[in-house]
Amino acid sequence: QVQLVESGGGSVQAGGSLRLSCAASPYTPSCYTMGWFRQAPGKEREGVASIYTTGGNTYYSDSVKGRLTISQDNAKNTVYLQMNGLKHDDTDMYCCASYPGRILDSLTMNEARYNRWGQGTQVTVSS
């Protein structure tokens with residue numbers, strides 16, 4: 001079973017950047033869909049980005065397109081979320097998730113498609 005551990009969250013001023021990491025263990029999940037989601041207290045979980053680990057196909061929600069970039073480093077068993085131009089509205093708990101197969105396009109933004117989740121890392125953006 002793949003275990004996911006997120007890191008890299010923190011506090012940053014609006015306009016700043018953060019890079020979140022999602023480390024998978026004990027092995028590199030090939031042919032997996034990896035997704036990043038965020039959730040604020042009292043709100044629904046929102047998908048923001050996904051990547052298919054074989055081939056590197058990516059998908060982004062419209063709310064983050066152009067500001068967030070998902071990538072992977074297979075040698076480190078890690079998926080990243082580079083966050084630039086952060087806004088106060090980006091303040092959320094960010095979690096990564098995995099699914100042992102390919103989920104296509106906008107369906108990757110549906111949390112019900114994933115079966116493994118990390119604990120999350122908090123991102124706070126001050127205006």
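The model shown is predicted, which means the values in this text are computed figures rather than measured ones. Hydrogens, waters and symmetry mates are skipped; everything else that's a heavy atom, side chains included, is used.
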Taking C-beta and beyond as the side chain, do Tyr32 and Gln72 meet within less than 4.5 Å on heavy atoms?
no

_Lys/Arg-Asp/Glu bridge criterion (N-O < 4.0 Å) met for Lys65, Asp62_ = yes

Of all heavy-atom pairs linking Glu46 and Ser63, the shortest is OE2-OG, 3.0 Å

When you measure from the centre of the six-membered ring of Tyr52, is the NZ or CZ of Arg102 closer than 6.0 Å and no more than 45° off the axis? yes

Minimal heavy-atom distance between Gln119 and Met93, with the atoms involved, is O-SD, 4.5 Å

Task: Hydrophobic cluster membership, Phe37 vs Leu4, 4.5 Å side-chain cutoff - done: no

In terms of heavy-atom contacts, Val125 and His88 come closest through O-ND1, 2.9 Å

Run the side chain to side chain contact (heavy atoms under 4.5 Å, CB included) check on Tyr59 and Ile70 step by step: do they pass? CA-CA 9 Å; Tyr59 186 88; Ile70 190 170; over 6 Å; no

Going through the distances and angles, do Ser50 and Ile103 end up as a side chain to side chain contact (heavy atoms under 4.5 Å, CB included)?
CA-CA 9 Å; Ser50 68; Ile103 306 170; over 6 Å; no

Here the gap from Thr33 atom OG1 to Leu104 atom CG, rounded to the nearest 0.5 Å, amounts to 8.0 Å

Here the gap from Tyr60 atom OH to Met109 atom CE, rounded to the nearest 0.5 Å, amounts to 9.5 Å

So do Pro100 and Asn115 actually touch side chain to side chain, heavy atoms under 4.5 Å? yes

Taken to the nearest 0.5 Å, the spacing of Thr91 OG1 from Arg38 CZ works out to 9.5 Å

Are Trp117 and Leu107 joined in one hydrophobic group, where the rule is that I, L, V, M, F, W and Y side chains link up if heavy atoms are under 4.5 Å apart? yes

Check for a donor-acceptor pair, side chain of Tyr114 on one end and backbone N or O of Thr108 on the other, with a separation under 3.5 Å. yes

The reported gap from CH2 in Trp36 to OG in Ser61 (rounded to nearest 0.5 angstrom) is 14.0 Å

In this structure, CD of Gln122 is separated from SG of Cys95 (nearest 0.5 Å) by 9.5 Å

_Membership question, hydrophobic clusters at under 4.5 Å side-chain separation (ILVMFWY): are Ile51 and Val2 in the same one?_
yes

Would you list the atom pairs, donor with acceptor, under 3.5 Å between side chains in residues 78-86 and any protein atom, with sequence neighbours excluded?
{"unit_1": "Thr78", "atom_1": "OG1", "unit_2": "Lys76", "atom_2": "O", "d": "2.7"}
{"unit_1": "Gln82", "atom_1": "NE2", "unit_2": "Asn84", "atom_2": "OD1", "d": "2.9"}
{"unit_1": "Asn84", "atom_1": "OD1", "unit_2": "Ser17", "atom_2": "OG", "d": "2.9"}

Would you call Asp90 and Arg67 a salt bridge, using N to O less than 4.0 angstrom? yes

Query raised in the report: Between Thr124 and Ser11, is there a donor-acceptor pair closer than 3.5 Å when you use the side chain of the first and the backbone of the second?
Result: no

Q: With side chain to side chain contact (heavy atoms under 4.5 Å, CB included) as the test, would you mind laying out the steps for Tyr94 and Glu6 before giving the verdict?
A: CA-CA 8 Å; Tyr94 285 73; Glu6 302 92 335; over 6 Å; no

So OG1 of Thr121 and CG of Asp92: to nearest 0.5 Å the spacing works out to 12.0 Å

